[in-house]
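This report concerns only the one structure given below.
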Amino acid sequence: MKRENSDRLFEKAKKLIPGGVNSPVRACKSVNAEPVFINRANGSKIFDADGNEYIDYIGSWGPMILGHRHPAVIDAINSALNSGTSYGAPTGLEIKLAELITEAMPSVEMVRMVNSGTEATMSAIRLARGFTGKDMIIKFDGCYHGHSDALLVEAGSGVATLGIPGSPGVPKSFVAGTLSLPFNDIKSVEEAMKKHGSEIACIIVEPVAGNMGLVLPCDGFLETLKRLTEKHNSLLIFDEVMTGFRVAYGGAQSVYGIVPDLTCLGKIIGGGLPVGAYGGKREIMEYIAPQGPVYQAGTLSGNPLAMAAGIATLTELKKAGFYDSLNAVSEKLGNGLSKAADKAGIKVSVARSGSMLGMFFTENNVIDFESAKKSDLKLFSAYYRRMLEKGIYLAPSQFEALFVSSAHNAEDIEQTVYAAEKVMAELKDF
Ligand code: HOZ
């Protein structure tokens, strides 16, 4: 594997950009590697600055469910581009995307577009506080809801990857009202709500956690959150930035049959361009300015290029059978990875929700952040580096998910499983 160009670019980037990257996990620190710099991508493949080709399972961390450069998305962006790139004014495109989202998720009666998942969760929490008149919030250890101050407590994703509890620069008073509880622990939520229910504005959760690796909700967990938020006049916020339009067209809420009060979206709804959104019950959403008193705004919100890419993406996803074939390919990958580990006698725990997968290097059932952290991180690092050398582009962290796209075909999966078998055999006596 050639690396001269990536190495040269990384050296230069480090002089100009903190850590040489614009988002921490990309620096590949936790896996003792250095990033490859990307030149281009097409379908299921991504190509680096040295001409190496990889099968891409990062998919821009979730948005690329159709693979890279899907013709319908490229055409939509091109045609929007020819009309202008930003107006800071309403357009018909944002109505169309809002229509698609509200049709897909009946819990979302109104939706506000923003520019990232971080903005979506931060704004949804402000709205929950404004609407309920309460200040405290509950989140779960290992769930990541972006990098706004109040949510950087026991967070997943890059915070977990770097092994830091939170971040300097977040005043204690900003997180004093954030309770972080173990994911899937029904009892601890019951106790917290019993004690603090009258002060809790909302419970925010990734219904399928994708930022501590992939962790599925246990039976009754999401139902309990729904019941308790209703009982205590708090709001239930589903952070579906990753799972929305990913685990099913209607998101995790359609898979588990739970109706949240508010939903946060991002990634897929922007078709690969920067977008976020939050939406929910009409009476709650009407609390947002200019209709209501809770302020939130954005110059690039509803950006026409992003709206066009999102509309084209959701239009493809709506086609009959889309999720059946995507999930079937993803299932093959999950089974193949399990078998590869079995063959080598390496204990792993593989989880899947639709086309989102995770593999922990542990024999234990992973149900929360504590059990996720028991994964053998050294073994994961070695696995990551060897898979990259074999042309498989995985997230450089145990605490991220793996994403399959509709562009991944049987050959990609066979090649990936074959690489995993070879790597697992090499790591047998690690
Ligand atoms: N932390 C995000 C994924 N869960 C984004 C990572 C990146 O873009 O580098």
Side-chain angles (χ1 to χ4, degrees), residues 25 28 30-31 55-65 140-144 155-161 182-184 205-218 221 239-244 246-248 251-252 255-256 267-268 326-327 329-342 346-384 387-388 392-405 408 413 416-417 419-420 423-424 427:
V25 185
C28 302
S30 75
V31 287
I55 302 174
D56 179 17
Y57 291 105
I58 297 184
S60 189
W61 307 87
M64 311 316 295
I65 191 165
F140 296 95
D141 303 344
C143 282
Y144 177 74
S157 190
V159 185
T161 303
F183 189 73
N184 274 331
V205 67
E206 293 178 75
V208 171
N211 281 293
M212 50 175 139
L214 188 89
V215 181
L216 301 173
C218 293
F221 178 61
D239 177 347
E240 296 230 42
V241 169
M242 270 188 188
T243 54
R246 165 62 68 176
V247 299
V255 174
Y256 293 95
K267 304 204 188 263
I268 287 176
L326 176 62
N327 294 350
V329 171
S330 309
E331 190 180 6
K332 276 203 181 108
L333 177 63
N335 292 342
L337 294 176
S338 290
K339 275 191 198 138
D342 268 5
I346 293 179
K347 302 283 181 220
V348 295
S349 163
V350 175
R352 182 178 70 85
S353 180
S355 53
M356 255 173 102
L357 287 92
M359 182 167 77
F360 292 101
F361 286 87
T362 171
E363 57 190 318
N364 301 320
N365 208 6
V366 177
I367 53 159
D368 57 15
F369 195 28
E370 271 318 296
S371 43
K373 283 194 283 191
K374 295 214 166 79
S375 177
D376 186 334
L377 300 182
K378 282 202 179 120
L379 192 51
F380 173 80
S381 293
Y383 169 74
Y384 166 83
M387 287 295 273
L388 188 74
I392 313 296
Y393 191 65
L394 303 170
S397 164
Q398 176 69 94
F399 304 113
E400 297 286 352
L402 182 159
F403 298 98
V404 182
S405 78
H408 287 85
I413 304 301
T416 307
V417 172
V423 169
M424 296 282 190
L427 294 175

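Bear in mind that the values here come from a model prediction, so they are computed numbers and not experimental data. All values below come from the heavy atoms of this structure, side chains included, with hydrogens, waters and symmetry mates left out.
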>> Show me the pairs that pass salt bridge (Lys or Arg N to Asp or Glu O under 4.0 Å) and involve residues 373-382, at least two apart or across chains.
In response: Glu370-Lys373

> Once you round to the nearest 0.5 Å, how far does CD1 of Ile413 lie from NZ of Lys332?
Replying inline: 8.5 Å

> Shortest non-hydrogen contact from Trp61 to Ala395?
Replying inline: CZ3-CB, 3.8 Å

> How many angstroms lie between atom CG of Leu337 and atom OH of Tyr383, to the nearest 0.5 angstrom?
Replying inline: 5.0 Å

> Which pairs count as side-chain hydrogen bond (donor to acceptor under 3.5 Å, both in side chains) when at least one residue sits in residues 352-361, sequence neighbours excluded?
Replying inline: Arg246-Ser355

Throw together a table of side-chain donor-acceptor distances under 3.5 angstrom for residues 208-217, partners on residues two or more places apart or in other chains.
from, atom 1, to, atom 2, distance (Å)
Asn211, ND2, Glu206, OE1, 3.0

>> Nearest 0.5 Å, please: how far is NZ in Lys347 from CG in Asp342?
In response: 7.5 Å

>> Test of understanding: with ring-ring contact (aromatic ring centres under 6.0 Å, His included), list the residues that count as partners of Tyr393, not counting sequence neighbours.
In response: Tyr54

>> Run the side-chain contact (heavy atoms from CB on, under 4.5 Å) test against Pro207 and tell me which residues pass, sequence neighbours left out.
In response: Leu222, Phe238, Glu240, Thr243, Ala252

> Taking all atoms of both residues into account, what is the closest heavy-atom pair of Val348 and Ala341, and its distance?
Replying inline: CG2-CB, 3.5 Å

>> My understanding is that only residues two or more places apart in sequence, or in another chain, count here; which of them pass ring-ring contact (aromatic ring centres under 6.0 Å, His included) with Phe221?
In response: Phe140, Phe183

> Is there a side-chain contact between Leu333 and Leu402 (heavy atoms, below 4.5 Å)?
Replying inline: yes

> Within a strict 4.5 Å, meaning less than it, do heavy atoms of the Tyr57 and Leu357 side chains meet?
Replying inline: no

> At their closest point, which heavy atom of Gly62 faces which heavy atom of Ile268, and how far apart are they?
Replying inline: O-CG1, 3.6 Å

> Can you name the nearest heavy-atom pair linking Ala248 to Val255, along with the distance?
Replying inline: CB-CG2, 3.8 Å

>> Applying side-chain contact (heavy atoms from CB on, under 4.5 Å), can you list everything that pairs with Met64, at least two apart in sequence or on another chain?
In response: Ser60, His68

>> Could you work out, with side chain to side chain donor-acceptor pair (under 3.5 Å) as the rule, every residue matching Ser375, not counting sequence neighbours?
In response: Gln398

>> Rounded to the nearest 0.5 Å, what separates atom OG in Ser349 from atom CG in Asn364?
In response: 8.5 Å

>> For Tyr384, give me all partners under ring-ring contact (aromatic ring centres under 6.0 Å, His included), at least two apart in sequence or on another chain.
In response: none

> How far apart are the closest heavy atoms of Ile346 and Met424, and which atoms are they?
Replying inline: CD1-O, 3.5 Å

> With a 4.5 Å heavy-atom cut-off, do Phe403 and Met356 have their side chains touching?
Replying inline: yes

>> According to side chain to side chain donor-acceptor pair (under 3.5 Å), who are the partners of Ser405, at least two apart in sequence or on a separate chain?
In response: His408

> At what distance, to the nearest 0.5 angstrom, does CD1 of Ile55 lie from CG of Leu394?
Replying inline: 10.0 Å

>> Run the side chain to side chain donor-acceptor pair (under 3.5 Å) test against Ser371 and tell me which residues pass, sequence neighbours left out.
In response: Asp368

>> Test of understanding: with side chain to side chain donor-acceptor pair (under 3.5 Å), list the residues that count as partners of Ser397, not counting sequence neighbours.
In response: Thr161

